[in-house]
Amino acid sequence: MTKGKTLPAFISDHKLTLLVMASFFAITSEGFAQQATEQGSFSISEPGIMIMILLFLLPLLIGILILVFKLKNLFRSIEKSDVKQEARNFAAYLNELDEEQLALVQKRKENLEYRTKANELSGTLPPEDARGLVVASIEHVSPQFIAPKRKALPRPAIDPRLTKLILWFIGTATFWLVFGTTIGEYLGIKFVAPDVDQVSWLSFGRLRPIHTNSVFWGWSSLAMLGLAYYVVPMVSNTSINNIKHGWLSLLFINASVVMGTIFLAAGINNGGGEFREYIWPVMLLFAIGIVLTLRNFFLTVAHRKTKEIYVSNWYVIAATMFVIVISIIAYVPYWQIGLGESIIQGYYMHQGVGMWFMLFTLGLIYYFLPQQLNRPIYSYSLGILAFWAQILFYTVIGTHHFIFSSIPWSLQTTAIVGSVGMVIPVVAGTANFLLTFRGGWNKLRDSYTLPFFLVGIIFYFTGSLQGTVEAFRYTNLLWHFTDFTVAHSHITMYGIISFFMWAGIYAMVPRLTGKEPPQLLVGAHFWIALIGLMFYNIPLMIGGTLKGLSWMEGKPFIDSVVLMAPYWLWRAIGGSMMWFAHLIFAFNLYKMIAKKTSPDIKDLALEYMEGENHDKHAQPSPSTM
Amino acid sequence: MDFFNNHKYLFGAALLLFLGLTLAVAILPAISNQNNNAPLPQAVALSDEAAKGKMIYIAEGCVACHTQQVRNVDMDKLWGSRPSISADYADIKRTDFWRNTATLMGTERTGPDLINIGNRQPSSDWHLLHLYNPRAVVSQSIMPAYPWLFVEKQNPGKEDIVIHVPDEFRKKSSGSLVASQEALHLVAYLQSLKQTPLPDGTPQPSFLYKAEKPDVKEMVGNPEEVALPDGQALYSSNCQACHQPNGEGLKGAFPALKESKIVLDENPELFVKIIMQGYDANPAFGVMPAVGINNQLLPEAVAAIMNHERTSWGNSARKVTAAEVKKIMELIGKEVPQ
């Protein structure tokens with residue numbers, strides 16, 4: 001519509017998107033009236049279950065489509081045999097023709113086969129590339145095991161001081177990624193071998209919050225901020241307001257995670273709420289770091305040289321404001337007696353994910369995806385719609401972590417309705433990103449960053465809608481408290497956020513340092529992380545479902561522990577792959593920053609020549625210095 | 001639009017929207033909840049030991065795997081006699097200057113719910129052994145072991161509480177394992193976790209999503225031979241943690257049911273009584289809690305458990321009927337007015 005199309009044309013262009021949206025609403029409207037469902041057994045006709053199955057059948061459906069096309073080709077080859085028969089008949093007919101008729105046919109054949117020589121328009125001069133259009137020519141052809149990918153294009157120079165700051169953000173983030181997932185990996189092993197150690201500092205209950213908090217506040221937050229220190233001034237067409245505050249911010253956040261980790265290992269925590277395990281003095285350090293960055297971003301936007309505020313900055317700055325708000329609300333004690341604490345907890349843990357990580361990351365994608373595809377975002381307005389819809393619906397859904405708890409029923413219902421409302425920003429965002437890809441799918445093949453974006457987009461769609469579906473009352477009955485939740489949080493925080501972070505880092509760092517990561521290892525990172533995530537998630541979802549069913553059937557609790565054993569083993573295997581992928585990523589980052597480049601012959605030669613000239617001219621005229 | 005080109009207006013509007021919604025769905029409901037709920041009249045405040053134990057529960061991050069809430073759905077029935085309500089948590093206030101309120105409702109149930117564990121498993125012997133190494137009592141458990149809550153002593157004093165750990169779970173040492181103060185506090189906390197009864201006359205909140213139970217009378221022709229529930233499953237839920245899947249119990253802690261005189265006795269009266277009211281006659285073993293009363297077992301369930309015990313692990317005694325058990329239960333009820 002933005003390109004002046006008529007409405008019917010728009011609808012026919014976007015039939016699929018609209019259809020998907022409509023069908024979701026049709027199904028989910030039934031989702032509210034679930035209370036009356038009589039229960040006890042697994043009911044596949046429950047809308048929640050149906051949508052969840054649909055989400056994971058999507059890849060299968062695509063497979064079936066491909067199969068249909070293949071079958072079509074098969075039919076075509078069968079058709080060919082009919083054609084052959086006809087050809088034989090025709091040959092027999094030609095044999096029977098007399099001389100005169102044959103001459104006519106021959107003449108007609110020559111006429112039909114007439115072609116120009118294709119060089120009528122070229123001259124006779126030897127070729128010359130007067131404008132230097134040909135940059136490189138392949139001189140030898142040898143079989144290649146890795147398809148060559150495009151190199152990052154040189155960008156306008158960034159202030160080296162800012163470059164250094166950004167690289168420190170990304171570097172420390174990567175440290176926390178490796179640290180946090182090493183812990184996570186170890187936790188996964190403990191499900192399979194609970195007596196692997198019996199050291200108090202390494203016990204499950206203490207390590208679990210260390211894992212979650214270091215990947216939240218360490219890895220994801222620092223990586224996002226690092227990328228934003230590049231994006232915010234870039235789209236404002238100005239320089240960052242205050243680099244020193246950026247360094248302070250980096251320092252405070254890292255100090256917060258270091259101290260938080262030590263406290264948690266020592267058994268000093270805030271008393272239970274997820275992602276709220278750091279005690280307030282530790283979280284205060286984090287908040288100070290964020291306030292410094294918010295001020296920095298806000299003033300950068302205030303001094304922008306563009307009239308509009310690019311949509312990336314809407315998302316980034318809003319998310320940074322919101323994370324401060326939610327931290328204050330979560331740590332101020334006035335409304336936290338009794339269940340008040342749980343109401344705040346539901347609000348806090350969900351806003352942490354949705355209003356900090358997701359909102360912020362979406363903002364970054366609105367910059368990096370168009371940049372990598374070298375085309376504008378499909379619809380700016382859709383991005384703005386998603387922005388307001390996200391705030392409107394996401395804010396109210398916190399309580400869906402406590403369905404059927406003693407938190408007021410009305411609040412639970414609000415949360416479920418809000419969860420369904422999330423379909424709007426999610427479908428709008430996904431459609432926007434995929435339509436930005438439209439006509440540029442071929443670029444996917446040549447790029448080592450775009451696959452990361454694509455995986456992030458797919459998980460944004462499936463992961464977010466999975467969250468919606470999990471909020472329904474029936475599905476809550478089945479999946480709440482089980483390992484399904486763990487799978488969901490990894491699909492979102494890993495499949496969406498981490499993949500987008502990697503996409504952004506691989507897109508940005510070569511532009512800052514001029515050094516490319518080893519292509520083979522980027523591919524290895526991508527595939528090992530993706531396959532590892534699948535090995536992690538799918539067993540946990542299957543196992544979680546079986547666990548929920550076992551509980552619903554009233555079987556002894558220990559049965560549900562026993563039945564999970566193989567699924568936990570698969571999770572540990574998937575987790576190991578993910579962890580290994582992070583080591584590769586860390587190495588790639590090292591290569592992008594510190595790779596030793598062999599000196600360029602041409603540049604060196606030029607330098608020598610200049611040196612010689614300089615020596616020659618040095619004596620007669622020192623002024624040339 | 002110019003409105004959106006002004007960063008102050010734009011971000012101001014977003015912030016206001018967010019704050020407004022936050023106020024409506026988080027802050028106001030939280031304040032109203034804490035102002036409009038008071039602890040139940042019969043609620044007992046935590047003792048000093050239990051309060052210290054709660055701090056260990058928090059420090060060790062038990063909430064990562066254990067919930068403390070009975071949802072108002074039928075499948076949660078086994079964790080408590082009624083759904084949890086706001087008032088159950090009303091007395092939980094800020095822990096201290098450094099730490100927030102710990103309602104410990106939890107979001108994962110990798111281990112069992114604990115809101116009523118004080119009723120379900122009151123035995124401190126069991127808890128101590130289980131904390132030292134959960135696999136000593138529940139072989140399939142994946143719960144971490146907490147050996148640092150115990151100390152080794154060569155000559156334990158009278159005051160010391162010694163735990164009897166099966167050899168395979170002991171570290172190589174000759175001393176006795178004694179529960180530390182921390183371990184005792186933690187167990188005191190777990191024992192204090194009991195659902196408070198609602199005041200008389202208050203309607204019990206109901207469990208939703210009731211499981212459809214087949215009509216037993218229609219299934220079996222002979223009304224005397226009413227089909228009993230699955231005895232093995234009930235044994236596993238109610239008895240196995242102490243008496244073990246093989247019925248052999250644990251030396252020095254929990255007696256064997258295999259070849260037990262009481263289990264095999266032709267007259268099941270004492271057997272039913274022990275299941276319902278608990279037992280503390282043999283000083284060589286720990287105290288058995290009143291499993292039947294605590295877990296509100298019906299005569300059918302008790303009969304099923306008894307028959308499982310009377311016919312497994314080489315035991316062979318005649319099966320009892322639900323009617324028989326019901327009679328004995330009524331008799332016990334008159335004997336000891338509870």
Side-chain angles (χ1 to χ4, degrees), chain A residues 35 38-40 191 194-195 198 200 203-206 208-209 267 269-274 279 301-302 307-309 314 317-318 321-322 325 329 333 335-344 347 391 395-396 398 401 404-406 408 411 414 477 481 485 551-552 554-558 561-562, chain B residues 5 7 10-11 14-15 17-19 21-22 25-27 29-31 33-34 37 58-64 67 69 71-75 84-86 89-90 92-95 98-105 107-109 112 138 140 142-145 147-148 209-212 233 236-237:
Chain A
Q35 210 184 319
E38 80 298 341
Q39 231 357 269
F191 274 90
D195 280 325
Q198 294 194 347
S200 65
S203 79
F204 185 89
R206 298 195 194 180
R208 184 182 181 275
N269 65 57
N270 194 33
E274 277 165 314
I279 53 173
V301 172
K307 183 165 176 281
E308 291 86 13
I309 303 167
W314 291 41
I317 291 186
M321 292 190 308
F322 296 166
V325 171
I329 289 172
W335 35 70
Q336 314 239 19
I337 297 173
L339 268 196
E341 186 264 353
S342 302
I343 294 173
I344 298 297
Y347 165 83
I391 298 177
T395 315
V396 304
H401 290 267
F404 296 124
S405 75
S406 5
L411 213 54
T414 312
L477 211 56
F481 295 145
T485 329
W551 291 348
M552 283 162 92
K555 290 194 180 155
F557 185 83
I558 194 70
V561 177
V562 174
Chain B
N5 291 335
H7 52 276
L10 171 66
F11 297 126
L15 187 62
L17 176 60
F18 184 65
L19 284 176
L21 289 167
T22 295
V25 300
I27 296 182
I31 290 177
N33 200 287
Q34 74 181 27
N37 278 294
I58 293 170
E60 297 299 344
C62 305
V63 70
T67 51
Q69 51 171 321
R71 299 175 296 169
N72 56 350
V73 291
D74 201 56
M75 62 190 278
S84 301
I85 54 173
S86 287
Y89 305 92
I92 307 177
K93 306 221 163 62
R94 189 169 176 85
T95 310
W98 304 104
R99 281 167 275 222
N100 196 10
T101 316
T103 52
L104 302 171
M105 282 173 79
T107 51
E108 280 283 314
R109 224 174 243 172
V138 183
Q140 309 99 323
I142 58 153
M143 178 170 140
W148 59 91
Y209 297 91
K210 288 241 169 14
E212 285 171 65
S236 158
S237 299

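Letters A, B, ... are given to chains in the order of the sequence lines, protein chains preceding strands, and every chain is numbered from 1. Treat the numbers as computed from the prediction; the structure is a model and nothing was measured.
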Who wins among [options] for the most heavy-atom pairs under 4.5 Å with chain A?
options	result
Ala102(B), Ser84(B), Ser86(B), Cys62(B)	Ser86(B)
Leu21(B), Ile92(B), Leu104(B)	Leu21(B)
Ile31(B), Thr67(B), Thr22(B)	Thr22(B)
Val63(B), Ile58(B), Leu19(B), Asn37(B)	Ile58(B)
Val138(B), Leu17(B), Thr95(B), Thr107(B)	Thr107(B)
Pro29(B), Ala90(B), Pro144(B)	Pro29(B)

### Query
With distance as the sole criterion, is a donor-acceptor pair present between the side chains of Thr103(B) and Glu341(A) under 3.5 Å?
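Yes, Glu341(A) and Thr103(B) have a side-chain donor paired with an acceptor closer than 3.5 Å.
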In terms of heavy-atom pairs under 4.5 Å, which option from [options] contacts chain B the most?
options	value
Ile558(A), Thr414(A), Ile279(A), Val562(A)	Ile558(A)
Ala318(A), Gly273(A), Ser203(A)	Ser203(A)
Gln198(A), Glu274(A), Lys555(A)	Gln198(A)
Val396(A), Val561(A), Asn269(A)	Asn269(A)
Phe322(A), Phe191(A), Trp335(A)	Phe322(A)
Ile344(A), Ile343(A), Thr485(A), Leu339(A)	Leu339(A)

### Message
Does any backbone or side-chain atom of Trp148(B) lie under 4.5 Å from a heavy atom of chain A? Answer side chain, backbone, both or neither.
### Response
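Contact with chain A: side chain only.
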### Query
For Gln69(B), is it the side chain, the backbone, both, or neither that has a heavy atom closer than 4.5 Å to a heavy atom of chain A?
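Answer is side chain: those atoms of Gln69(B) sit under 4.5 Å from chain A.
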### Message
Contact between Thr395(A) and Tyr347(A) at the side-chain level, heavy atoms closer than 4.5 Å - yes or no?
### Response
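Counting from C-beta outward, Thr395(A) and Tyr347(A) do come under 4.5 Å.
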